[in-house]
Enquirer: 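Next up is a structure, given as structure tokens.
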Amino acid sequence: MTAARATATAPQLALVDCNNFYVSCERVFRPDLRETPVVVLSNNDGCVVSRSNEAKALGIRMGQPWFEVRAQAEAQGVLALSSNYALYADMSNRVMQILAREVPRHEVYSIDECFLDMTGLRDLRALSQRLRAQVLQWTGIPVCVGIGPTKTLAKLANHVAKKHPRSSGVFNYNALSPEQQHQLLARIPLEDVWGIGRRLSVQLAERGLHTAADLRGTDTAMLRRAFGVVMEKTQRELNGLACLDLQEVTPPRQQIIASRSFGRPVQDLDVLQDAMSTFVANAGAKLRAQGSQARLIQVFLRTNGFRPDRPQRSASQAIFLPQPSEDSLLINRWACALLARLYAPGYDYQKAGVILGEITPRTQRQQDWLEPSTPPRAQRLMEAVDALNGRFGRGCVKVSGQGALSGWQMRQERKSPAYTTDWDDLPCA
DNA sequence: TCTCCGATTAGAC
DNA sequence: CTAACGGTCTAATCGGAGA
């Protein structure tokens, strides 16, 4: 096999990552904010989860609690927006559709990232630039592209593309000579490598490993012994050996959680049950959307752990249904009953939620001649509820009580309109 | 000793 | 005015219980 042929068939994996995704989504509809430092906050306006370049330059850190930085940030002209997930999810779908058209295989990895299999395609730099231009023109979202032989190296290449303006948004690790590859890896700190977080990078540093090149060159058996199989895979991936496959179809969730911190402390059981009904409605919709049923219902509630001066309580209870179910009404009755058992008066509750587990495909329903499974009536009812909520927006059809009581809903003081998913929010009047 | 299971840890985004 | 710190999800590993 000639060298040229080997190059042509070597794996070429691209990672497309949207720049400052949530902030970019907001700016599409607020072009006046292009020069303004902008941050988007997590649910409850709690933490900073997306920052414009200007906000990054002001030293606002990812994940920082907003109340800590708010005073200084606002004095510096930073605009904070509540997160608008309906908008981000819709924009994400548009971006992913554009990317998917251009390659034979792809994996939507997260709301703002997509792996593309470019193996065998030619002129990857031009292709990547074309993709960037198309996504920008059709959605207004800027993206960067990193290319490498493995997912880990594609991630790393994307990191380089984002960080270095000279790459003009595309970086191809595969186009480097082995010496250049080594020089690059020697400049990448380990905490910037996918799969290595804060803790592991400290432990690796204790063994004298600081850069991606250090990790790549160290003894594999030692790594395996000291850090386990995940780290070994990361090392192999850095060496260009693919250990992580492209997941074209997302496997169904094994566990579905719906929970929320409350906007203020909640003391009353009926308010908690009202919140729980909302959580069950969301969890049930997710469950049915992936064609599953659940046998385990787990409910939890807790007080605010950041207030050690207040009485603390954290409790959870679970029940195994005799038959798996996807019926929100049935699940809701159990969830509210469990919650009532968990509840103790006299606490300031800060968060509650439901976890559905023991999830199986609906098609695998066991025939049981004693216990009837979900009756056809309930099934059709749920289908109708999901259809209406899908068509007219979540919350169009509700389980009785769900959201009627106030006091638990999250704080969202600065939420932008749902520009792309709600006619009423269109700023055309 | 082996296996199973729940809890814990670490990470991603 | 004050107080205020996200939500989901997975995989691996660990330690105890039971076979």
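Model, not experiment: these values are computed from the prediction. To find a chain, count down the sequence lines: A is the first, B the second, and so on, and within it residues start at 1.
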Enquirer: Counting only side-chain N and O atoms of Gln254(A), is one of them less than 4.0 Å from OP1 or OP2 of dA11(C)?
Expert: yes

Enquirer: State which of dC5(C), dA12(C), dG7(C) makes the closest approach to the side chain of Lys233(A).
Expert: dA12(C)

Enquirer: Return whichever of Pro251(A) or Val49(A) has its heavy-atom-nearest nucleotide of DNA chain C closer to the 5' end.
Expert: Val49(A)

Enquirer: Any non-hydrogen side-chain atom of Leu223(A) less than 4.5 Å from a side-chain atom of Leu215(A)?
Expert: yes

Enquirer: Atom CD of Gln298(A) to atom P of dT8(C): distance rounded to whole Å?
Expert: 14 Å

Enquirer: Counting side-chain heavy atoms from CB outward, which of dC9(C), dG6(C), dA10(B) is closest to Ile256(A)?
Expert: dC9(C)

Enquirer: Using a heavy-atom cut-off of under 4.0 Å over every strand shown, decide if Tyr109(A) touches base, sugar-phosphate, or nothing.
Expert: sugar-phosphate

Enquirer: Reckon Trp66(A) touches a base, only the sugar-phosphate, or nothing at all at heavy-atom distances under 4.0 Å?
Expert: nothing

Enquirer: Hey, does the side chain of Ser325(A) reach the backbone of Asp327(A) with a donor-acceptor pair shorter than 3.5 angstrom?
Expert: yes

Enquirer: Of the nucleotides dA10(B), dT13(C), dT10(C), which has the atom closest to the Gln255(A) side chain?
Expert: dT10(C)

Enquirer: Where the side chain of Lys351(A) is defined as all heavy atoms beyond and including C-beta, which of dG6(C), dC9(C), dG7(C) is the nearest nucleotide?
Expert: dG7(C)

Enquirer: Report yes if a side-chain nitrogen or oxygen of Gln64(A) is closer than 4.0 Å to either non-bridging phosphate oxygen (OP1 or OP2) of dG6(C); otherwise report no.
Expert: no

Enquirer: Between Arg414(A) (CZ) and dA4(C) (C1'), how many Å, whole number?
Expert: 16 Å

Enquirer: Tyr22(A) OH to dG6(C) P: how many Å, rounded?
Expert: 15 Å

Enquirer: Before accepting this row, confirm whether a basic side-chain N of the pair Lys162(A)/Asp17(A) lies closer than 4.0 Å to the acidic partner's carboxylate O.
Expert: yes

Enquirer: So do the side chains of Ile147(A) and Ser128(A) get within less than 4.5 Å of each other, counting heavy atoms only?
Expert: yes

Enquirer: Aromatic rings Tyr349(A) and Tyr347(A): how do their planes relate, parallel, tilted or perpendicular, breaks at 30° and 60°?
Expert: tilted

Enquirer: With a 4.0 Å cut-off on heavy atoms, is Gln350(A) in touch with a base, just the backbone sugar-phosphate, or nothing at all?
Expert: sugar-phosphate

Enquirer: What is the distance, to the nearest angstrom, from the CD atom on Glu191(A) to the P atom on dA10(B)?
Expert: 16 Å

Enquirer: Which nucleotide wins on minimum distance to the side chain of Ile257(A), given the candidates dG6(C), dC9(C), dA12(B)?
Expert: dC9(C)

Enquirer: Quick one: Leu190(A) CG to dA10(B) C1', roughly how many Å, whole number?
Expert: 16 Å

Enquirer: Would you classify Leu41(A) as touching base, sugar-phosphate or nothing, given that sugar-phosphate means primed atoms plus P, OP1 and OP2, and contacts are heavy atoms under 4.0 Å?
Expert: nothing

Enquirer: If you check the Ser42(A) side chain, which of dA12(B), dG6(C), dT8(C) turns out closest?
Expert: dG6(C)

Enquirer: Rounded to whole angstrom units, what separation is found between the CG atom of Leu15(A) and the C1' atom of dA12(B)?
Expert: 13 Å

Enquirer: The side chain of Glu68(A) lies closest to which of these nucleotides: dA12(B), dG11(B), dC5(C)?
Expert: dC5(C)

Enquirer: With a 4.0 Å cutoff (strictly under), does any side-chain N or O of Asn44(A) reach OP1 or OP2 of dA4(C)?
Expert: no

Enquirer: If you check the Arg253(A) side chain, which of dA12(B), dC9(C), dA12(C) turns out closest?
Expert: dC9(C)

Enquirer: Compare all side-chain heavy atoms of Arg224(A) with those of Met231(A) and state whether any distance is below 4.5 angstrom.
Expert: no

Enquirer: Need one value for Asn304(A): base, sugar-phosphate or nothing, where a base atom within 4.0 Å counts as base even if backbone is also close, heavy atoms only.
Expert: sugar-phosphate

Enquirer: Please determine whether a side-chain nitrogen or oxygen atom of Ser259(A) lies at a distance below 4.0 Å from atom OP1 or OP2 of dT8(C).
Expert: yes

Enquirer: Classify Ile111(A) by what it touches in the nucleic acid, base, sugar-phosphate, or nothing, heavy-atom distance under 4.0 Å.
Expert: nothing

Enquirer: From the list dA3(C), dG6(C), dA12(B), which nucleotide is the closest neighbour of the side chain of Arg307(A)?
Expert: dA3(C)

Enquirer: If you pin Pro252(A) and Arg224(A) to their nearest nucleotides in DNA chain C, which one's is more 5'?
Expert: Pro252(A)

Enquirer: A quick test of your reading: do over 12 heavy atoms of other residues, nucleotides or ligands sit less than 6.0 Å from CD of Gln76(A)?
Expert: yes

Enquirer: Roughly how many Å is it from CD in Glu232(A) to P in dA11(C), rounded to a whole number?
Expert: 18 Å

Enquirer: Tell me whether the OP1 or OP2 atom of dA3(C) has a side-chain N or O from Arg70(A) closer than 4.0 Å.
Expert: no

Enquirer: Side chain of Ser261(A): nearest nucleotide among dG7(C), dC9(C), dC5(C)?
Expert: dG7(C)

Enquirer: Tell me the interatomic distance from Arg260(A), atom CZ, to dG6(C), atom P, rounded to whole angstroms.
Expert: 11 Å

Enquirer: Could you tell me the Watson-Crick or G-U partner of dA4(C), where both distances fall under 3.5 Å? Say none if there is no partner.
Expert: none

